[in-house]
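Both ligands and their constituent atoms are indexed starting at 1 by order of listing.
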Amino acid sequence: MTIKIRVEHLSKTFVLHQQHGTRLPVLQDANLTVSSGECVVLHGHSGSGKSTLLRSLYANYLPDSGQIWIHHQNDWLELVQAEARQILAVRRHTIGWVSQFLRVIPRISALEVVMQPLLESGVERSECRQRAEALLNQLNVPQRLWQLAPSTFSGGEQQRVNIARGFIKDYPILLLDEPTASLDSRNSAAVVNLIEQAKQRGAAIVGIFHDAGTRQQVADRLHTMQAPQVLETP
Ligand SMILES: Nc1ncnc2c1ncn2[C@@H]1O[C@H](COP(=O)(O)OP(=O)(O)OP(=O)(O)O)[C@@H](O)[C@H]1O
């Protein structure tokens with residue numbers, strides 16, 4: 001298996017200024033390796049730093065020290081020190097982020113919302129459309145909704161449109177932030193299938209799943225995280 005992500009000695013402390021500078025060392029010397037074709041699920045109590053680690057892997061949070069090596073376009077790129085333009089390139093070509101929340105753009109149809117990332121990478125429109133339709137079908141989004149803007153959709157419908165958008169491109173790395181949260185069992189199973197397909201084509205996946213059943217279905221490995229010890233200022 002080819003390694004796609006290497007997290008080395010990563011640390012991140014939040015300083016809570018509204019609590020007299022209390023320090024919260026959420027990540028302390030964190031290490032993690034993820035290979036092509038495997039799904040690693042971050043696991044631990046609420047507040048143990050799962051989201052902090054996932055967001056750091058997408059360069060949304062800047063760690064204090066350590067390295068995040070990403071296999072990007074046949075080379076290795078270190079994300080903590082990377083420049084903004086390199087991070088944008090990584091997000092465009094290498095790392096996909098799938099969460100439960102859809103950023104709704106007014107007047108853009110669900111089909112367009114799903115197609116957009118693939119269209120932006122230069123794939124022909126008819127192929128994008130075909131792929132988007134297949135995904136919307138797989139995620140049980142009724143056809144009558146495809147031409148409508150998702151702003152009036154139910155929470156679950158919006159969530160599934162967002163998941164279709166997240167899976168439309170074959171990103172080498174996928175970060176999944178509770179994509180099945182609040183989905184019913186039928187739709188949750190559809191997402192589990194998409195994850196399985198992504199693994200089979202060789203994606204390296206890191207995810208957070210609060211539901212124990214889903215976790216068990218998708219995880220090749222659990223990465224257990226410990227709750228941080230709060231450090232009061234003297
Ligand atoms: N931007 C921030 N500023 C200050 N504190 C933060 C920030 N982000 C996270 N924290 C704190 O860091 C700790 C870890 O948060 P994080 O969201 O990573 O935990 P989690 O394991 O994902 O929790 P949950 O399972 O509840 O989603 C929490 O105590 C949280 O309050």
Below the 3.5 angstrom mark, is there an N/O of E178, backbone or side chain, next to an N/O of ligand 1? no
Give a yes or no answer on whether the side chain of R165 reaches the backbone of V113 with a donor-acceptor pair at less than 3.5 Å. yes
Check L24 against ligand 1 and report side chain, backbone, both or neither, counting heavy atoms closer than 4.0 Å. side chain
Which heavy atom of the protein is the closest neighbour of atom 16 (P) of ligand 1, given with residue, atom name and distance? T52 OG1, 3.7 Å
Atoms of ligand 1 under 4.0 Å from any heavy atom of V26, numbered from 1 in the order shown, are 12 (O), 13 (C), 14 (C)
Is it the case that the side chain of K12 and the backbone of L53 share a donor-acceptor pair, with hydrogens and angles ignored and the cut-off at 3.5 Å? no
Has R201 got more than 12 heavy atoms of other residues, nucleotides or ligands less than 6.0 Å from its CZ? yes
What protein heavy atom sits nearest atom 25 (O) of ligand 1, and how far off is it? K50 NZ, 2.8 Å
Show the atoms of ligand 1 that are less than 4.0 angstrom away from any heavy atom in S46. 23 (O), 24 (P), 25 (O), 26 (O)
Ligand 1-proximal atoms of H210, by part, heavy-atom distance under 4.0 Å: side chain
Is it the case that atom CD in E120 sees more than 12 heavy atoms from other parts of the structure closer than 6.0 Å? yes
Ignoring hydrogens and geometry, is there a side-chain-to-backbone donor-acceptor pair from R91 to Y58 under 3.5 Å? yes
Less than 3.5 Å between some nitrogen or oxygen of G49 and one of ligand 1, yes or no? yes
How about H45: does its NE2 atom have over 12 heavy atoms from other parts shown lying under 6.0 Å from it? no
Hey, quick one: are V15 and L27 part of the same hydrophobic cluster, counting side-chain heavy atoms closer than 4.5 Å, chains of contacts allowed? no
Strictly under 4.0 Å, does any heavy atom of L42 approach an atom of ligand 1? no
Enumerate the atoms of ligand 1 whose separation from the nearest heavy atom of L16 is less than 4.0 angstrom. 4 (C), 5 (N)
Considering only protein heavy atoms, which is closest to atom 17 (O) of ligand 1, and at what distance to one decimal place? S51 CB, 3.5 Å
Salt bridge between R125 and E112, side-chain N to carboxylate O under 4.0 Å? yes
Starting from atom 2 (C) of ligand 1, which protein heavy atom do you reach first, and at what distance in Å? F14 CE2, 3.4 Å
Closest approach of any protein heavy atom to atom 1 (N) of ligand 1, naming residue and atom: Y61 OH, 3.3 Å
For atom 23 (O) of ligand 1, what is the closest protein heavy atom, and at what distance to 0.1 Å? G47 N, 2.9 Å
Within 4.0 Å of atom 31 (O) of ligand 1 (strictly less), any protein heavy atom? no
Expected output: side-chain S121 to main-chain P117 donor-acceptor under 3.5 Å: yes
Short side-chain to backbone donor-acceptor contact, K50 and G207, under 3.5 Å: no
Residues R131 and E127 bridged, charged N to O under 4.0 Å: no
So for H45, does at least one of its heavy atoms come nearer than 4.0 angstrom to any atom of ligand 1? yes
Does some non-hydrogen atom of S48 fall short of 4.0 Å from ligand 1? yes
